[in-house]
Number of protein chains: 4
Amino acid sequence: MKKEQIVKAIIKTGVILYNKDLIYATNGNISVRNGKEIYITATGLCKADLKPDDILRVNTSGKVAKGAPSIELNMHLGIYKNRKDINAVILAHPFFTNLIGIQPGALNLSALPDMEKHLKDVDFIRSIKPGSAELAKAVTAAIKKTDIIVIHRYGAVTVGSDLPDARYKLERLEYLAKFLVFKQIIF
Amino acid sequence: MKKEQIVKAIIKTGVILYNKDLIYATNGNISVRNGKEIYITATGLCKADLKPDDILRVNTSGKVAKGAPSIELNMHLGIYKNRKDINAVILAHPFFTNLIGIQPGALNLSALPDMEKHLKDVDFIRSIKPGSAELAKAVTAAIKKTDIIVIHRYGAVTVGSDLPDARYKLERLEYLAKFLVFKQIIF
Amino acid sequence: MKKEQIVKAIIKTGVILYNKDLIYATNGNISVRNGKEIYITATGLCKADLKPDDILRVNTSGKVAKGAPSIELNMHLGIYKNRKDINAVILAHPFFTNLIGIQPGALNLSALPDMEKHLKDVDFIRSIKPGSAELAKAVTAAIKKTDIIVIHRYGAVTVGSDLPDARYKLERLEYLAKFLVFKQIIF
Amino acid sequence: MKKEQIVKAIIKTGVILYNKDLIYATNGNISVRNGKEIYITATGLCKADLKPDDILRVNTSGKVAKGAPSIELNMHLGIYKNRKDINAVILAHPFFTNLIGIQPGALNLSALPDMEKHLKDVDFIRSIKPGSAELAKAVTAAIKKTDIIVIHRYGAVTVGSDLPDARYKLERLEYLAKFLVFKQIIF
């Protein structure tokens, strides 16, 4: 893929995540791997508002060409290192996923059979300080066995073969979580 | 209708369904019949993002001119075969309809009198594997007697004389389902 | 006001009402009075999608220049006849207003003091067939004493000195109704 | 910053607040300080619809160059006087914040650790008449010790070093409040 396409895809994804209430304020970060380069969102900005210069180029060792990348850069780098099949990573804050994540046992994939097919497994990790080496390490380890990780009282990481694929997993997860929350409310 | 108009109408409908949270990720499919041809969305794409080439032309025997159509193509073909009055089919995943669909008896059309007038009947079918011949068969049979079918823990099929007509039924159904869910919560 | 401005304002209001989930499908209708003429939305269309020709010109006796107006035309005409201070009418289907309208006593304006100031009074009328002379008569009578009427299990009529004024009342009403519904859920 | 940039930023923020349901009808007001001048939204308008002329220029003594500013002008002026570090003020009506604000003790910042880091403190003040000198005085006093004030049964004031900063605090607050409301519903 050309740089321009990647930058455009990340900007567009930021707008979708924000409009769908999957991120808020400056939270959330998005990256795409293209060969030996990684493109990642800059830190401290609303992802609905990214300009091309806010998508930073980083090499696989974490050397940033220019600008201040997401505080979760090491998490993204670790994921790409451990998953050669993965070319896109999203950390988002899906509301109902966060809510159901309080009781991990409640995320019953079989409630909606189509989800079982598409999501396969969801891993849960405990609440760890955002941007910390400890969080990067925990996610990097967990990602070896799943494409979807819910971080307790924080958010969710989804990965994919491309950026839409990572976003689709996030959307499915949130739909399912909302379904389970409302099911719990009415029954 | 001209091909360009149909393609434009399907693309626009995809955007509306996505913005209104009636579909998510790559789920959902849309078709329109025009004489002896059927136009249907390609498989594996987010329907908020369709390009003209993602709307595939199929004849009534299911021969696709080019591309990989929705895995529910046979369901769409079966509906058109059994309903000469129908020129548009939508399979969507309306959230509250899915939720109320857990208890089919809860979908009380008379809760909102105007719905009774517009929706008439809603049929329910059990959970069947998406894209399977069995699901296509069940929907195709049920559609003979109704314009709206809720598939247990999956989604809803609505049909119409044209594409807006099918979408309006979906919107009414979801409004009613949401109304009944919240009524159940507060009373 | 010029015709072009009125038509533009009605089209824009239709889009807002739809995006804010205050109308759905083909439901809802909007009119504006300009001197001896009334501009009203055509029947059977989604109000997020109106073209200039879908805004019909009617005189105060109900004579339509061209096209098929909203089935609630007589309600709109009756309101303008009884309220010389009113130049805009909206019939919409605000979700939470409809829900709270099941128990009219629950719509407590004083729950949010600012609402009390802006909304003053809300009248409730029983469920009557949409488009019927009986509904037009009931609303026309009730509007003499209030700017906001909730029709049981159907929707709400708001009127204003201009179109934004009628829309603002609708938005306030819905915010309040949602507030009261959620308050009822959590307490 | 240039006047044009400030005006553009305020107009854009109005649209975001409205689309995110953080304001409604004509409610809510936004200001930005630029040196000795303050730019504030005009009164009585929907903030999703502002034109450049609806952003009024005021000096620090409250002298308005032209137009009728927000009825909360004195609140904004008082905040800027007491907080030299603050250059933007938003008064909004976040739904779930308003709801949780009924029981101030329920707004538990530690429910989502990342919120604790970003929001620090939230102050609550009792219901006071909008636009009154008394409300301006209470907010002006409270703002000395916090960036976020919830006004009982009315709304929330957030301040920031710039306009996005004030908006981000509002978005975080509302996300947290919604989280706590739904947590209360399901547990």
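Basis for what follows: all heavy atoms, side chains included, without hydrogens, waters or symmetry-related copies. Proteins come first, then strands; the chains are lettered A, B, ... in the order of their sequence lines, and each starts at number 1.
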Report which part of A:His152 has an atom under 4.5 Å of a heavy atom belonging to chain D: side chain, backbone, both, or neither.
neither
Rounded to the nearest 0.5 Å, what's the gap from NZ on D:Lys183 to CG on A:Leu99? Could you check?
9.0 Å
Might you confirm whether atom CG of D:Asp53 has over 12 heavy atoms from other residues, nucleotides or ligands at distances under 6.0 Å?
no
More than 12 foreign heavy atoms under 6.0 Å from NZ of D:Lys137: is that the case here?
no
Contact check, side chains of [X] and [Y], non-hydrogen atoms, under 4.5 Å:
X	Y	result
D:Phe182	A:Phe182	yes
D:Leu112	A:Tyr154	no
A:Lys129	D:Pro113	no
A:Tyr24	D:Glu174	no
A:Asp21	D:Tyr175	no
A:Tyr18	D:Glu171	yes

Contacting region of D:Lys169 [heavy-atom separation from chain A under 4.5 Å]
neither
Which atoms of D:Arg167 approach chain A - backbone, side chain, both or neither, heavy atom under 4.5 Å:
side chain
Just by modelled atom types, is the A:Asn27 backbone N or O under 3.5 Å from a matching donor or acceptor in the D:Tyr168 side chain?
no
With a 4.5 Å heavy-atom cut-off (strictly below), which parts of residues 7-16 of chain A touch chain D? List them by number.
none
Assess, by modelled atom type and distance only, whether the side chains of D:Ser110 and A:Arg153 contain a donor and an acceptor separated by less than 3.5 Å.
no
Highest number of heavy-atom pairs under 4.5 Å with chain D: which of A:Thr26, A:Leu45, A:Asn19, A:Ile185?
A:Thr26
Look at A:Gly155, A:Ala25, A:Ala48 and state which one has the largest set of heavy-atom pairs under 4.5 Å with chain D.
A:Ala25
